[in-house]
Amino acid sequence: MTAQPVAIPERDRRQALSWRLLPGVLLSVSGVLLYGFGTDLGGYGALAAALVTAAVIDRRLFKDLVLIAAGMIIISAVPLDSDISIGHMAQMGSALALAVLVPYAVSRWVYHDHAVRFPVNTGQRWSRAERLYLVFIVALGYAILPFYMISTGVYQNWPNVSEPDAMIRLFIGVNAVGIWDELFFVCTTFTLLRRHFPDWLANVLQAFVFSSFLWELGYHAWGPLLTYPFALLQGYTFKRTKSLTYVVSVHLLFDLVLFLVLVHAHNRQWLDFFVY
Amino acid sequence: MISIAQKLRAARERSGLTQEALAAAAGGVNQAQISLYERGIVRPNDDVAERILRAAKPRPGAVLHQNTERIAAIGRRHSVTRVLVAEPEPGGDPVLIVSLAPSAAPHDLSGFAVEVEDLLDASVEVLLDDPGDARVRDLAQRGTPLLPSAEAAHASTDAG
């Protein structure tokens, strides 16, 4: 006998407390295990459990979780770190590109629902509050990042850059990963989860995967206390603005401060204007 | 899965080295970095991790010194009065140069060697202290006393 998926009445969709929460939580847990703890067995097991339970509970949720899982599996296949050698950047860049392209392509050309979109040109001018928020983000980065990076020593998870070519590669790497974060965690994961959960819950779930990925990149020590709220803020900002361009701008401004802090942390006599 | 942080800490604890001593032995890192690596805050690159693990590998001499009491007990059973630990030649086993009491039986030397090897779970070359043997004399000059300990030997000299 074939198990029939439970039919979900339309009015029940996007409720916080429902059986659909189980695969959603399992997906987040798999992200924490795969990227946060580096336990492949537990991570893939939780991811498989998320898909199986979703298949039983809600076929539409299952289809969307498959897209997120595909991206997560692709990025888990390569070492995620801040190595800026050309070979590693090419390998990691290819995996990150695939992790975004596969869900996008399947959503658009296989599912034909085009749920994954990257809204670059929204036609909306940024409001005064949005422009002020950009300034606030720079100030926030200036206040937190030097203290976090230098007092914990985590800056050593990024390469020591003192030569121009290494600096350029680090700058490109930091910005590329920043853009990718928004493409995958916000425009793909958050967007797909929002189809099944209330916005706040979808945001909470994606932020676990987002901050776990950042942990593996090098945001150790109390990094999650910084990256988890940041991931939540990015999801919330995207929900408000519906603009990839805007959330990417926010992220890249934060990353610009990060880049400058890294250069200073490795070469204390340079850019000596940080307070920590 | 064991993280690199756990692996490094376990290796250092097995070696009996302090973080400072391990940093000095590995070279190119300091105590603070070893601490960050062991706590999982900073992930060392593969080269650095390998260098630290190599430096944390227990040296035969250190293992011998960690087991002084047990070796002393074995020595007492085999009429051993003195043991020197000599640095092995490159690629060689650790060398113990032993002196036997006049009452020692012919098999005491080999018995001592077998028991020490069982204890350390490693090959050890045990030589009888023979001033007439040039190699033994050379090794003994570079050796450090294991039994009796330097302090005990000093005390017994003072008492005498």
Side-chain angles (χ1 to χ4, degrees), chain A residues 30 32-46 76 78-85 87-89 91-92 147-161 166 169-170 173 212-227 261-262 265-266 268, chain B residues 1-63 65-66 90-91 120-122:
Chain A
S30 74
V32 174
L33 293 174
L34 275 176
Y35 312 124
F37 289 93
T39 51
D40 287 352
L41 192 65
Y44 291 129
S76 70
V78 296
L80 300 173
D81 55 40
S82 308
D83 181 352
I84 54 167
S85 65
H88 183 262
M89 285 178 80
Q91 183 192 40
M92 191 168 148
F147 174 67
Y148 163 63
M149 286 277 161
I150 295 170
S151 69
T152 59
V154 292
Y155 71 89
Q156 293 173 70
N157 283 320
W158 281 261
N160 184 355
V161 285
R169 273 183 283 133
L170 179 66
S212 299
F213 172 83
L214 292 178
W215 172 277
E216 182 159 4
L217 269 187
Y219 287 86
H220 294 176
W222 52 271
L225 295 179
L226 171 68
T227 56
V261 169
L262 289 174
H266 283 292
R268 297 298 168 91
Chain B
M1 196 180 80
I2 298 174
S3 70
I4 185 67
Q6 292 169 313
K7 208 170 166 182
L8 291 174
R9 180 181 285 275
R12 184 179 61 78
E13 285 174 351
R14 266 199 311 275
S15 74
L17 293 171
T18 63
Q19 290 179 340
E20 208 163 5
L22 179 59
V29 288
N30 56 37
Q31 178 274 327
Q33 283 170 307
I34 298 278
S35 168
L36 290 170
Y37 298 154
E38 287 187 1
R39 287 184 289 141
I41 291 172
V42 173
R43 186 176 35 217
N45 65 39
D46 291 347
D47 290 344
V48 172
E50 200 184 314
R51 213 167 60 231
I52 294 170
L53 287 172
R54 213 173 27 240
K57 224 174 170 181
R59 278 167 181 67
V63 178
H65 283 286
Q66 282 163 10
L120 304 178
D121 195 22

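Bear in mind that the values here come from a model prediction, so they are computed numbers and not experimental data. Letters go in sequence order (proteins before strands), and every chain restarts at 1.
Annotation: residues 35-43 of chain B contacts chain A through B/Leu36, B/Gly40, B/Ile41, B/Val42, B/Arg43 [non-hydrogen atoms, separation under 4.5 Å]. Contact residues of residues 26-33 of chain B toward chain A are B/Gln33 (heavy-atom distance under 4.5 Å).
Not counting sequence neighbours, the partners of A/Tyr219 by the ring-ring contact (aromatic ring centres under 6.0 Å, His included) test are A/Trp158. With sequence neighbours excluded, the residues satisfying ring-ring contact (aromatic ring centres under 6.0 Å, His included) with A/Tyr155 are A/His266.
For A/Asp83, no part lies near chain B; criterion is any non-hydrogen pair under 4.5 Å.
Atom CD of B/Glu13 has more than 12 neighbouring heavy atoms from other residues, nucleotides or ligands inside a 6.0 Å radius. Residue A/Asn160 places its CG atom among more than 12 non-hydrogen atoms of other residues, nucleotides or ligands, all under 6.0 Å distant.
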